[in-house]
Amino acid sequence: MSAEAEATPSRLYSGHNRISTQALTSLARAAAGSALGIPPHDVRADWSDDDGLLALSLVTPIKIPSLSAVVRDPARVPAFGGSIWERAVSARSEILTTVTELSGARLSRVDIRITGAHVTERVRVH
């Protein structure tokens, strides 16, 4: 073997790295909590195989303004990032990007099921 082949990074650092399912789940919960404005402990994350890639399924509440605040000021909805639907669609790509960039895992998709609401008066700041 040549000296050049022996000096390649793959030869210097042989072995492999693994990220546990628990670590990926914690990362996904944190990313979802950040994207949806809720505590990560309120998010349930499950993984499945999607033709060799990871599919992430999230079950979570979402932060929303109080209905009385929206009645007084309809601009509260855009200030929160839009409707629940718009925010969930936006959160999907944000979560996928965050989990992929931080873990190196290849995700095929992120599915979000909104199961409740955390009502707040504060506007979500990104």
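Just so you know, these numbers use all the heavy atoms, side chains as well, and skip hydrogens, waters and symmetry mates.
Qualifying side chain to side chain donor-acceptor pair (under 3.5 Å) partners for Ser20, counting only residues two or more places apart in sequence or in other chains: none. Looking at residues two or more places apart in sequence or on another chain, you find a salt bridge (charged side-chain N to carboxylate O under 4.0 Å, His left out) between Asp46 and Arg44. Contacts of Arg109 classified as side chain to side chain donor-acceptor pair (under 3.5 Å), with partners at least two apart in sequence or in another chain: Asp50, Asp111.
Annotation for Leu67: atom CG does not count as buried by contact number, only 12 or fewer foreign heavy atoms lying within 6.0 Å.
Hydrophobic side-chain contacts under 4.5 Å tie Val89 into a cluster, directly or through other members, with Trp85. In the hydrophobic clustering, where aliphatic and aromatic side chains (Ile, Leu, Val, Met, Phe, Trp, Tyr) are joined below 4.5 Å either directly or transitively, Val70 groups with Val77.
Summarising the geometry of Arg76 relative to Ala69, their closest heavy-atom pair is CG-O, 3.6 Å, with the distance given to 0.1 Å. When all heavy atoms of Asp42 and Ile38 are compared, the closest pair comes out as CB-CD1, 4.2 Å. Residue Gly37 comes nearest to Lys63 through the heavy atom pair O-CE, 2.8 Å, listed as atom of the first residue, atom of the second, then distance. Smallest separation of non-hydrogen atoms from Glu94 and Ser34: OE2-OG, 4.4 Å. Considering every non-hydrogen atom in both Thr115 and Pro61, the closest pair reads OG1-N, 3.9 Å. Minimum heavy-atom separation, Val110 to Arg92: O-CD, 2.8 Å.
Separation of atoms OG (Ser108) and CG (Leu54) is listed at 7.5 Å; rounding is to 0.5 Å. In this structure, CZ in Arg87 is found 3.5 Å from CD1 in Ile62, a value given to the nearest 0.5 Å. The CG atom of Leu56 lies 8.0 Å from the CD1 atom of Ile112; values are rounded to the nearest 0.5 Å.
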Give every donor-acceptor pair under 3.5 Å between a side-chain atom in residues 100-107 and any protein atom, sequence neighbours left out.
unit_1 : atom_1 : unit_2 : atom_2 : d
Thr100 : OG1    : Leu96  : O      : 2.8
Ser103 : OG     : Val99  : O      : 2.6
Ser103 : OG     : Ala105 : N      : 3.0

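Residues Trp47 and Thr21 have side chains that never bring a donor and an acceptor to within less than 3.5 angstrom of each other.
Linking Ile, Leu, Val, Met, Phe, Trp and Tyr residues whenever their side-chain heavy atoms come within less than 4.5 Å places Val43 and Ile84 in a single cluster. Linking ILVMFWY residues whenever their side-chain heavy atoms come closer than 4.5 Å, directly or via other members, places Ile114 and Ile95 in the same cluster.
Asp51 places no side-chain N or O within donor-acceptor distance of the main-chain N or O of Leu53, the cut-off being under 3.5 Å. Judged by distance alone, the side chain of Ser26 and the main-chain N or O of Gln22 form a donor-acceptor pair under 3.5 Å.
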